[in-house]
Amino acid sequence: MVEATLPTFGAVLVTAAVDSINPCAIGVILLLVATLIKQDRKRDILKVGGIYVVTVYLTYFFAGLGILHFLVGLPVQLANYITTGVAMLVIAGGLLEIKDFFWYGKGTSLMIPEEYAEKIADKMDSLTLLSAIGLGIFVAAVELPCTGGPYLAILTVLSQQGINLTAYGLMALYNLIFVMPLVLIVAASYLGSYKVSEMKEWKHMNKAKMRLGAGLLMIFLGWVLLLLATGIVRFG
């Protein structure tokens, strides 16, 4: 059997970059910024928006840390079964994302459930630094069905190499790339580089393409995970 070695660093960079262009995450930050502007609180965009983004980052990082430690602690054979299961879930999620390219929002989709979307909208009415922290934790939790597939795939890859500073560093890098579009939106809104309405229009025009890109990536990652579980590929 021929074994191929794939670069872990490259996989993290590419996956995080594609995952960061995510309609769920972008939609929530646009709603937050628009609410602050509507309340004539533009001066608070950097403070409230910054706290929100940092909270999302930390929530994803520590959630990933827990998943990584769980996966590393499994016996090798069981870990391979888990990797196969994760691969099938990621592929299924990828197919749903591609479905949304053709029939956006029809049937089952990897989107924030409507009842949670309403709760998020309600929480926007009284944004403070403290509530921004709570909102960031809440949104990160309910976004996982929408954004978690690629992240789970990368965590599974990292778990094959054990717990070390490199794994922690790659997790930190992944999440930094993931929140970078949110940072840019907050900065652009505060500086007035782009109007929120223009950014919302861009998101609306490109949301199906975002789903297609994420779907293709997830199917590829799922396939790679299957090869990883069978020992055909490894990461180095």
Side-chain donor or acceptor of [X] paired with backbone N/O of [Y] under 3.5 Å:
X: Y151; Y: Y60; value: yes
X: T15; Y: V12; value: no
X: N164; Y: A167; value: yes
X: Y57; Y: A172; value: yes

Start with the C-alpha distance between R211 and I98, add both sets of side-chain angles, then the distance that settles side chain to side chain contact (heavy atoms under 4.5 Å, CB included), and finish with yes or no. CA-CA 6 Å; R211 296 287 182 181; I98 291 175; over 6 Å; no
Between atom [atom1] of [X] and atom [atom2] of [Y], what is the distance when rounded to the nearest 0.5 Å?
X: L170; Y: N175; atom1: CG; atom2: CG; answer: 11.0 Å
X: F9; Y: T166; atom1: CZ; atom2: OG1; answer: 11.0 Å
X: L46; Y: I51; atom1: CG; atom2: CD1; answer: 11.5 Å
X: L221; Y: L228; atom1: CG; atom2: CG; answer: 11.5 Å
X: L58; Y: I133; atom1: CG; atom2: CD1; answer: 9.5 Å
X: L31; Y: I26; atom1: CG; atom2: CD1; answer: 14.0 Å

Does any part of the side chain of V139, heavy atoms only, come nearer than 4.5 Å to the side chain of Y52, both counted from C-beta? yes
Within a strict 4.5 Å, meaning less than it, do heavy atoms of the L135 and L32 side chains meet? yes
Between [X] and [Y], is there shared hydrophobic-cluster membership here, with clusters defined by ILVMFWY side-chain heavy atoms closer than 4.5 Å?
X: M199; Y: M205; value: no
X: F61; Y: V72; value: yes
X: M88; Y: L217; value: no
X: W103; Y: F101; value: yes
X: L89; Y: I82; value: no

Residues passing the side-chain hydrogen bond (donor to acceptor under 3.5 Å, both in side chains) test with T83, sequence neighbours excluded, are Q160
Non-neighbouring partners of T35 that pass side-chain hydrogen bond (donor to acceptor under 3.5 Å, both in side chains), sequence neighbours left out: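 Testing T35 for side-chain hydrogen bond (donor to acceptor under 3.5 Å, both in side chains), a comparison that skips the adjacent residues, returns none.
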Output, in order, the C-alpha distance, side-chain angles, deciding distance and verdict of side chain to side chain contact (heavy atoms under 4.5 Å, CB included) for I21 and K209. CA-CA 10 Å; I21 310 301; K209 294 177 183 177; over 6 Å; no
Other residues, nucleotides, ligands: >12 heavy atoms within 6.0 Å of Y168 OH: yes
Give the minimum heavy-atom separation between [X] and [Y], together with the two atoms involved.
X: T55; Y: A132; result: OG1-O, 4.5 Å
X: I91; Y: W223; result: CD1-N, 4.0 Å
X: V90; Y: G149; result: CG2-O, 3.7 Å
X: M210; Y: W202; result: CE-CZ3, 3.3 Å
X: M218; Y: P150; result: CG-CG, 3.8 Å
X: A11; Y: I154; result: O-CD1, 3.8 Å

If we ignore angles and hydrogens, is there a donor and acceptor under 3.5 Å between the side chains of Q161 and T8? yes
What's the verdict on side chain to side chain contact (heavy atoms under 4.5 Å, CB included) for V53 and I29, showing C-alpha distance, side-chain angles and the deciding distance? CA-CA 8 Å; V53 172; I29 194 67; 4.2 Å; yes
Side chain to side chain contact (heavy atoms under 4.5 Å, CB included) for E97 and L212? Distances and angles first, verdict last. CA-CA 6 Å; E97 293 281 59; L212 177 63; over 6 Å; no
Give every donor-acceptor pair under 3.5 Å between a side-chain atom in residues 177-185 and any protein atom, sequence neighbours left out.
none

